[in-house]
Amino acid sequence: MPMRFVLVCIAFFMGQITRAQRIEMVTEQGKCSIRGMSVVSDNIVWVSGSNGTVGRTVDGGKTWTWMQVKGHEKNDFRDIEAFDEKTAIIMAVGEPAFILKTFNGGSTWKRVYEDSSKGMFLDAMEFWENGNGIVVGDPIDNKIYVARTADYGVSWERYNTKSLPATDSGEAMFASSGTNIRKYSSQEAMVVTGGKRSRLLMHERWVDIPMLQGGNSTGANSLAVWNEAPRKARIVIVGGDFQQDSSTVGNCVYSTNGGRTWKIPEVPPHGYRSCVEFLTGQMLVACGTSGVDISMDGGKKWRLVSKESFHVCQRAKTGNVVYLAGSRGRIAKLVGY
Ligand SMILES: *[C@@H]1O[C@H](CO)[C@@H](O)[C@H](O)[C@H]1NC(C)=O
Ligand SMILES: *[C@@H]1O[C@H](CO)[C@@H](O)[C@H](O)[C@H]1NC(C)=O
């Protein structure tokens, strides 16, 4: 066979392989469990996790700067929101709960919120482009804990949750990836709960969802919203049972009509999943300790692309690169999508 033909064949074959989605490891820091991630652009990524750790790359993952936030070496930063390569906010779960902000790429951090109430446990933050932001925490006196900011997290105020419906006993939230709250309009956000009861909170009322629930480790962990038109929002919720992470029972539900009715996937994700993210209007990625799945049809069928464990996945806010992160400070990219 002429050499040129062989080379053309190999090039074609490799082209086919690289088109299939797969996970490509980027780095392994080794000393923290990452659950917070904020992908500002294809090149700028911030992550946060246990041992007071924050990591940052500004060159698409080629090099990473790791820092341990001074005075917070034992805190678990379960969520992070980054605005650019210099500015980010991190959330330490509790007790006391802290929110810290940096303006200089992580060299110094300013304490912008603190609540030492008993039972405090912050779960996740969400921000809008105009600087409005919200943080939610486990229920206190049967109401989800809420604090809000209107200035990119420089100042925060606890929100009076009188108008919110009460939580049930044993109903709380899992701080597994900072994604159990998601915005779905310029004003509003949705929240999913888990535990003895797992529901969706939207428009200040509870919506029942057919997720696994009833135990301590069961229920929704994350939701993703694709909102092209009001009342047509596509909502995908993942979770399951983190103590039985290969079980697919009740680990995913989705709605194509803004939460009025719910469907169970024909082929569910292949185990407990802690994070779900829309990549396009039909394409999703979900990850958890038992692997990573892709759906090409809005959540109806899921295909396992890796058995590697990851806690959190996110697509660049302005860009296309999808990053994943998890235990032992591991960070990867989803390639070929
Ligand atoms: C936190 O750091 C210590 C000391 O380096 C290490 O032994 C431990 O495994 C780390 N924790 C996690 C969750 O990686
Ligand atoms: C949930 O956790 C509590 C406290 O750790 C324990 O007493 C209870 O038996 C657990 N319930 C279930 C269903 O696992």
Side-chain angles (χ1 to χ4, degrees), residues 23-39 45-57 61-82 88-100 102 105-109 111 114 120-125 135 137-138 172-180 194-195 216-217 219 221-222 238-246 271-275 286-292 306-314 323-334:
I23 298 305
E24 196 175 273
M25 285 308 294
V26 168
T27 194
E28 182 164 341
Q29 179 259 10
K31 290 191 293 248
C32 73
S33 168
I34 301 172
R35 292 190 181 273
M37 181 155 71
S38 189
V39 186
V45 185
W46 292 70
V47 295
S48 68
S50 62
N51 275 345
T53 306
V54 173
R56 186 190 66 145
T57 182
K62 285 192 211 72
T63 57
W64 290 82
T65 308
W66 292 97
M67 42 208 131
Q68 216 176 9
V69 180
K70 233 178 129 203
H72 292 272
E73 291 79 1
K74 295 212 166 114
N75 279 127
D76 194 352
F77 295 116
R78 295 280 181 99
D79 200 7
I80 184 166
E81 182 78 25
I89 296 208
I90 46 177
M91 180 201 85
V93 283
E95 311 171 348
F98 291 112
I99 299 175
L100 307 169
T102 183
S107 304
T108 56
W109 295 85
R111 195 174 289 177
E114 176 176 357
M120 270 300 291
F121 195 96
L122 297 179
D123 293 283
M125 300 183 288
V135 62
D138 281 0
M173 282 172 274
F174 297 114
S176 53
S177 63
T179 55
N180 39 22
N216 283 356
S217 53
N221 277 237
S222 172
V238 299
D241 184 347
F242 65 77
Q243 284 178 342
Q244 292 182 41
D245 73 354
S246 57
Y272 156 78
R273 294 291 176 262
S274 51
C275 189
C287 67
T289 48
S290 56
V292 181
S306 171
K307 287 187 175 172
E308 288 279 333
S309 161
F310 292 101
H311 295 143
V312 57
C313 50
Q314 196 179 97
Y323 288 84
L324 304 100
S327 57
R328 299 196 311 279
R330 286 166 341 109
I331 298 173
K333 280 182 192 177
L334 177 72

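What you see is a predicted model; the values in this text were computed from it and never measured. As the structure lists them, so they are numbered: ligands from 1, and atoms in each ligand from 1.
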Q.
Ser176 and side-chain hydrogen bond (donor to acceptor under 3.5 Å, both in side chains): which single residue from Thr289, Asp123, Asn221 fits?
A.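 Exactly one pass, corresponding to Asn221.
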Could you go through ligand 1 and list every pair where one of its N or O atoms sits under 3.5 Å from a protein N or O, giving the atom names and the distance to one decimal?
from, atom 1, to, atom 2, distance (Å)
ligand 1, 2 (O), Asn51, ND2, 2.3
ligand 1, 11 (N), Asn51, ND2, 3.0
ligand 1, 14 (O), Lys31, O, 3.2
ligand 1, 14 (O), Cys32, N, 3.2

Q.
Can you classify the ring geometry of His72 versus Phe77 as parallel (below 30°), tilted (30 to 60°) or perpendicular (above 60°)?
A.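 Tilted, since the angle between the ring planes falls between 30° and 60°.
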Q. Between Ile23 and Ser306, what is the shortest heavy-atom contact and its length?
A.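 Ile23 and Ser306 have their closest heavy atoms at CG1-CB, 3.4 Å.
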Q. Is the count of non-hydrogen atoms from other residues, nucleotides or ligands lying under 6.0 Å from Gln68 atom CD greater than 12?
A.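 More than 12 heavy atoms, drawn from other residues, nucleotides or ligands, come within 6.0 Å of this atom.
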Q) Residues in side-chain hydrogen bond (donor to acceptor under 3.5 Å, both in side chains) with Asp138, at least two apart? A)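 If we apply the side-chain hydrogen bond (donor to acceptor under 3.5 Å, both in side chains) test to Asp138, skipping adjacent residues, there are no hits.
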Q: To the nearest 0.5 Å, tell me how far Met25 CE sits from Leu324 CG.
A: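 With rounding to 0.5 Å, CE (Met25) is 9.0 Å from CG (Leu324).
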